[in-house]
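Only this structure's heavy atoms are used, side chains among them; waters, hydrogens and symmetry mates stay out.
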Amino acid sequence: MTHRASRPDRAGPSAPDGRPSGHDAFWNPQLSRRDALRLGALGVAGAAGLGSLSGCAAVPQPAPAGAAQRRGGVYSHGATGGGLKDTLDPHFPVTNPDICRVFNLYEPLLRWNNSYEVEPAVAESVETTDAITWTVRLREGVEFHNGKTVTPEDVLHTLATVTDPNNTSPGGVPIAAVLDLANSRARDARTIELRLKTPYAIFDQLIAEYTVGIIPTDFDLAKPVGTGPFKADRFVPGQLSHFLRHDNYWERPAFVDELFVYNFADDAAKVNALLAGQVQSVDNLPTYLAHTIGNQGATALVAEAGAWVPFTMRVDVAPFSDVRVRQALRLIVDRQQMIDQALNGYGSIANDLYAPFDPGYAHDLPQRTRDIDQAKSLLRQAGQSDLQVELVTSSGVGAGAVESANLFVEQAREAGVSVRLNRADPNTFYGEQYLSWPFAQDFWNTRNYLPQVSSSSLPSSPYNETHFNDPEFIDIVTRAGQEVDDNRRYELQRQAQEIEWNRGGFIIWGFRNQVDAYSNLTTGLKPHRYMPCDAFGFKNVSFVQEA
């Protein structure tokens with residue numbers, strides 16, 4: 001996929017020029033004996049069954065609100081998915097573990113807070129009066145992990161890196177379309193003047209994406225440094241990452257001394273590790289467990305989110321190249337059943353549109369509902385009354401994916417459509433065929449409309465899973481990005497959304513709440529609209545202060 005990554009939010013399995021994502025250059029790729037023992041205890045190599053805990057031990061209760069936090073300790077997180085193509089590249093994350101690493105190692109100029117509002121990060125302010133010239137004022141004394149202070153030259157180097165025409169990063173694609181880097185400059189030791197080619201009213205949202213983390217001018221992926229709350233120590237692709245606290249972090253330094261991130265391809269192993277106390281948090285908790293883990297020493301962390309797990313139809317490949325087939329499949333979906341069963345009620349019905357928190361979201365478009373008769377009619381008109389398709393899914397897509405895929409197989413049967421389910425392992429799903437599957441799924445985390453369009457719905461988008469290429473749509477969203485009047489921009493966005501609603505390639509059946517979990521022996525994580533586990537905010541967590 002976020003995802004993934006954000007893939008929701010993710011990068012592809014390799015950079016656009018075909019080079020490896022970067023982990024091959026990283027040091028110490030072999031497992032140490034300590035790592036092997038930890039992995040064995042966590043059951044990463046083979047899923048351990050749930051319910052293996054002894055019922056005799058006292059179950060810790062959740063820490064009370066405002067519980068005292070203490071320094072120290074080793075914190076472990078169980079991340080969903082990942083594989084041998086894992087990376088520490090700040091600008092090309094693909095899976096949930098990649099995204100988790102990026103959030104803890106690197107930071108953009110701005111960031112999204114828990115309410116999904118832009119706030120300062122490495123920059124203390126980003127301002128404009130005309131949407132063409134943007135003034136960035138760096139926060140004083142922000143240090144990279146190697147002790148170097150962030151400078152305007154580092155910011156300009158980062159922007160040059162992500163917009164490199166030979167290797168444009170996912171976050172750099174929309175920036176490259178508007179940034180006039182040649183005419184941007186450092187004005188003084190803490191101020192950068194960024195010039196755009198054309199007005200772009202939401203440029204601040206583009207530079208708030210986690211895929212635009214600031215790196216030094218001498219950045220080396222073999223020994224990566226950022227400004228994040230943790231610094232890299234060891235990395236074993238497909239298995240684990242180890243980080244140490246960045247003591248000179250510009251905000252409050254993290255409470256814990258060390259952070260481990262473990263990959264889990266299997267939900268049972270992931271949850272068992274949490275309940276056994278071998279990891280202190282997991283992202284993408286299976287929603288059916290949200291009400292039960294409290295009896296076993298853990299607490300569900302639930303956040304309202306604009307996250308979505310779409311079915312993706314390639315509009316350039318038969319039979320999905322026929323808009324009548326795409327509309328028929330949308331009409332087959334029982335959206336409420338998807339919410340109730342695939343998400344166990346942790347979500348809300350969607351209308352084949354994304355970005356529900358955007359002020360320009362098209363609430364006035366009719367809610368699409370299930371209509372089997374109309375679906376059959378459209379399929380007859382398209383000459384596809386006996387339609388047979390393969391749907392590719394994977395546990396690596398995250399919560400609700402495989403469950404909704406199974407439901408779709410059953411729902412489609414009622415319309416005479418035969419769906420063969422291909423459940424690929426995460427390495428295969430996000431491997432060489434990613435973005436090429438004719439009919440599949442993916443995950444996306446919360447974004448506003450125009451940044452999401454740039455990521456997923458244009459020919460230039462890094463993750464155009466549907467291969468959507470609509471000239472009218474492209475013209476409208478281009479004009480919307482240049483429109484500085486909010487109301488006029490929202491009207492253009494509505495026109496673009498209507499095009500996607502009528503002839504796009506996504507089946508967006510619901511928005512899933514973000515459901516994660518953490519050990520009752522820890523405190524500090526809060527619900528976040530943007531990303532799992534408080535936007536992987538492990539700088540905020542600590543072990544509970546003993547009474």
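- Ser394 contributes a side-chain N or O that, together with a main-chain N or O of Ala424, makes up a donor-acceptor pair within less than 3.5 Å.
- Nearest heavy-atom pair across Trp509 and Ser404 is CZ2-CB, 3.6 Å.
- Minimum heavy-atom separation, Ser241 to Arg101: OG-NH1, 2.8 Å.
- With contacts defined as side-chain heavy-atom distances shorter than 4.5 Å, the pair Tyr106/Val225 does not qualify.
- Checked by atom type and distance alone, the side chain of Lys539 never pairs as donor or acceptor with a backbone atom of Gly228 at under 3.5 Å.
- Counting only N and O atoms by type, the side chains of Thr522 and Gln280 include no donor and acceptor under 3.5 Å apart.
- Of the residues Leu285, Val282, Thr299, the one that meets the side-chain contact (heavy atoms from CB on, under 4.5 Å) test with Tyr518 is Thr299.
- Between Asp257 and Arg245 there is a salt bridge, since a side-chain N of the basic residue sits under 4.0 Å from a carboxylate O of the acidic one.
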Stepwise side chain to side chain contact (heavy atoms under 4.5 Å, CB included) test for Phe255 and Val541: CA-CA 7 Å; Phe255 291 102; Val541 303; over 6 Å; no
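- Salt bridge annotation for Glu251-Arg111: present, with a cationic side-chain nitrogen under 4.0 angstrom from a carboxylate oxygen.
- Side chain of Asp352 to backbone of Ile508: a donor-acceptor contact under 3.5 angstrom is found.
- Using a 3.5 Å distance cut-off with no hydrogens or angles, the side chains of Thr312 and Asp442 do not pair a donor with an acceptor.
- Within a 6.0 Å sphere centred on CZ of Arg137, other residues, nucleotides and ligands contribute more than 12 heavy atoms.
- Looking at Gln69, its side chain does come within 3.5 Å of a backbone N or O of Asn540 through a donor-acceptor pair.
- Shortest non-hydrogen contact noted between Ala305 and Phe511 is O-CB, 3.9 Å.
- Put simply, the residue from Asp154, Thr161, Leu159 that forms a side-chain contact (heavy atoms from CB on, under 4.5 Å) with His157 is Thr161.
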Trace of the side chain to side chain contact (heavy atoms under 4.5 Å, CB included) decision for Glu143 with Lys148: CA-CA 5 Å; Glu143 287 187 13; Lys148 177 184 179 298; over 6 Å; no
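- Side-chain contact of Glu107 with Tyr249: a donor-acceptor pair under 3.5 Å is present, judged by distance alone.
- Tested against Tyr75 for a side chain to side chain donor-acceptor pair (under 3.5 Å), the candidates Ser542, Ser281, Ser519 yield a single pass: Ser281.
- A side chain to side chain donor-acceptor pair (under 3.5 Å) with Glu304 is found for one member of Gln514, Arg529, His528 and no other, namely Arg529.
- Closest non-hydrogen pair, Pro451 versus Ile202, comes out as CD-CD1, 3.8 Å.
- Side chain of Asp358 to main chain of Tyr449: a donor-acceptor pair is present (N/O by atom type, distance under 3.5 Å, no hydrogens or angles).
- A donor-acceptor pair is defined here as one N or O able to donate and one able to accept, closer than 3.5 Å; such a pair exists between the side chain of Asp516 and the backbone of Cys533.
- One finds the CZ atom of Phe357 at 14.0 Å from the CZ atom of Arg447 (value rounded to the nearest 0.5 Å).
- A distance of 11.0 Å separates CD in Glu119 from CH2 in Trp112, rounded to the nearest 0.5 Å.
- Atoms SG and CZ, from Cys100 and Phe538 in turn, are 4.5 Å apart once rounded to the nearest 0.5 Å.
- Rounded to the nearest 0.5 Å, atoms CG (Asn448) and OH (Tyr354) are 12.0 Å apart.
- Proximity of a side-chain donor or acceptor of Thr163 to a complementary backbone N or O of Gly172 within less than 3.5 Å is not detected.
- The residue from Leu109, Thr158, Val122 that alone fulfils the side-chain contact (heavy atoms from CB on, under 4.5 Å) condition with Val150 is Val122.
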Between Phe439 and Phe408, is a side chain to side chain contact (heavy atoms under 4.5 Å, CB included) present by the stated rule, with each step listed? CA-CA 12 Å; Phe439 189 35; Phe408 186 79; 3.8 Å; yes
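- Annotation: the span from Asn406 atom CG to Gln341 atom CD amounts to 11.0 Å, rounded to 0.5 Å.
- With no hydrogens or angles considered, a side-chain donor-acceptor pair links Asp86 and Asn263 at under 3.5 Å.
- Aromatic rings from His246 and Phe230 are positioned such that their centres are separated by 6.0 Å or more.
- Gly82 approaches Asn427 most closely through the heavy-atom pair O-OD1, 4.3 Å.
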Does Phe92 form a side chain to side chain contact (heavy atoms under 4.5 Å, CB included) with Asn167? I'd like the steps, not just the answer. CA-CA 10 Å; Phe92 289 91; Asn167 190 28; 3.5 Å; yes
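- Across Pro356 and Tyr361, no two heavy atoms sit closer than the pair CA-CD1, 3.7 Å.
- We find the CG-NE2 distance between Leu221 and His91 to be 10.5 Å, quoted to the nearest 0.5 Å.
- Formation of a donor-acceptor pair under 3.5 Å by the Ser454 side chain with backbone atoms of Leu450 is found in this model.
- Partner Leu244 forms a side-chain contact (heavy atoms from CB on, under 4.5 Å) with one of His145, Glu258, Arg234 and no other, that one being Glu258.
- The pair Asp220-Lys223 fails the salt-bridge criterion, with no side-chain N (NZ, NE, NH1 or NH2) lying under 4.0 Å from an Asp/Glu carboxylate O.
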